[in-house]
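One-based numbering, in listed order, for ligands and for the atoms of each. Atom set for the values below is all heavy atoms of this structure, side chains included, hydrogens, waters and symmetry mates excluded.
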Amino acid sequence: MDYTLEVPHSELLVVRAHQPYNAEPTAAALVEFPITPEDLIYCRNHGPVIEYDEDTFTFRVNTPQGSHTFTMKELKEIFPRHEVVAALQCAGNRRKEMDGVKKVRGVLWNDGVICNARWAGARLHDVLQHVGLDVDALTGWHVWFESHVTLCQDDNYYGASIPLTKAVSPDGDVLLAYEMNDQPLSPDHGYPIRTVVPGYLGARWVKWVDTISLAPDESPNFYQQLDYKILPEEVDTPEKAAPVWSKVPSLTTLPLNSVVGSVTRKGDDAILVKGYAIACGDVQVAKVELSTDDGTTWHEARITYQEGKWSWTLWEALLEHVPASGVVYSRATDQSGQVQARNGKWNMRGVAYNPWGQKKW
Ligand SMILES: Nc1nc2c(c(=O)[nH]1)N[C@H]1C(S)=C(S)[C@@H](COP(=O)(O)O)O[C@H]1N2
Ligand SMILES: [Mo]
């Protein structure tokens with residue numbers, strides 16, 4: 001692959017791979033900001049990051065009725081600008097911890113491949129309506145998102161799909177986004193256009209998207225079919241995985257999770273603990289609790305930030321009368337009463353890992 005046009009990147013990230021560029025901030029830095037500043041947003045790529053020209057960039061929408069091409073100018077002029085605050089999280093968040101349980105395959109991400117941003121763009125629903133799509137006639141169909149402009153590692157284009165029901169749900173908030181945090185998207189995050197799929201794993205948020213198609217099946221792309229799935233625990237080699245991929249569902253939402261971002265000593269026997277939590281899909285986090293005695297007693301943390309149904313949750317707690325050193329655990333509960341379990345499930349690709357958060361002090 002050709003990396004000669006690669007753009008410069010933030011200096012504040014821990015680089016996990018240079019080509020393609022994969023980098024994440026520390027969770028300690030992340031939890032200081034409700035809306036993640038651009039420089040602290042992780043970068044997850046399967047190919048080079050190039051700056052495209054907004055004036056000449058076009059994207060095509062293919063439906064059973066025909067094909068329509070839009071320029072960026074048209075996208076902004078024809079459709080109302082819609083904003084949504086949503087967390088973006090890579091399915092590989094916390095993979096390094098899972099690798100500590102048993103070796104996994106993939107970029108060894110710590111707990112920083114998550115961010116929370118204010119996205120703006122056209123609603124995908126509005127665009128599909130504009131091209132005359134008859135949604136009711138397409139029960140069970142899918143919307144494919146493809147980026148052909150940039151080459152990638154495992155296929156000859158990057159692709160993903162989501163169910164049409166998610167794409168057209170009035171409160172699903174799926175966008176063809178051109179802004180992040182009130183600025184045009186940066187090349188790192190998909191300039192000039194990416195999909196925003198609130199509540200779904202990052203892999204479906206296709207950057208530099210240039211083709212959107214309606215189809216009765218999921219996208220055939222490598223990243224939809226042969227990756228981003230929770231393989232059964234006994235599948236621990238690519239050979240064992242080969243016949244299993246097609247039998248396992250593609251990930252859509254990620255599970256309820258919480259992470260301890262930082263622990264700061266306050267005086268002789270107190271600690272200030274800060275972290276983030278995220279719930280599954282459109283259910284929000286109801287509470288986060290902390291334990292310094294291995295899960296015997298729990299103290300409820302104060303929620304300091306939550307916005308709408310797609311944001312992450314920030315929390316903090318001052319724990320007093322604690323020993324000089326120890327381990328603090330976090331666990332989240334969502335609005336439906338589901339509680340984050342102590343252990344996560346191991347899987348070969350290291351996705352969707354969500355045991356209690358934990359940090360030593
Ligand atoms: N075109 C393209 N889109 C992509 C990817 C990619 O490699 N190429 N990576 C996906 C994955 S796995 C994630 S987690 C998010 C990361 O978005 P970010 O780099 O803006 O944080 O983008 C998704 N969209
Ligand atoms: Mo990802």
Do any side-chain atoms of residues 37-45 form donor-acceptor pairs under 3.5 angstrom with protein atoms, and if so which ones, sequence neighbours left out?
{"residue": "E38", "atom": "OE1", "partner": "S186", "partner atom": "OG", "Å": "3.4"}
{"residue": "E38", "atom": "OE2", "partner": "S186", "partner atom": "OG", "Å": "2.8"}
{"residue": "Y42", "atom": "OH", "partner": "C90", "partner atom": "N", "Å": "3.2"}
{"residue": "R44", "atom": "NH1", "partner": "N22", "partner atom": "OD1", "Å": "3.1"}
{"residue": "N45", "atom": "OD1", "partner": "K207", "partner atom": "NZ", "Å": "2.8"}
{"residue": "N45", "atom": "ND2", "partner": "Y21", "partner atom": "O", "Å": "2.8"}

Report summary line: Sorted by chain and residue number, the residues with a non-hydrogen atom under 4.0 Å of ligand 1 are Y42, C43, R44, N45, H46, L88, C90, S147, Y158, D188, H189, R194, G202, A203, W205, V206, K207, W208, Y228

Query raised in the report: Is it the case that D210 and Y157 place a side-chain donor and acceptor less than 3.5 Å from each other?
Result: no

Requested in this report: Could you check V143, V131, T69 and say which one makes a side-chain contact (heavy atoms from CB on, under 4.5 Å) with V61?
Outcome: V131

Query raised in the report: Do Y158 and N221 have side-chain atoms, one donor and one acceptor, less than 3.5 Å apart?
Result: no

Query raised in the report: What are the two closest heavy atoms between A122 and L75, and how far apart are they?
Result: CB-CD1, 3.7 Å

Query raised in the report: Q306 and T313: side-chain donor and acceptor closer than 3.5 Å?
Result: yes

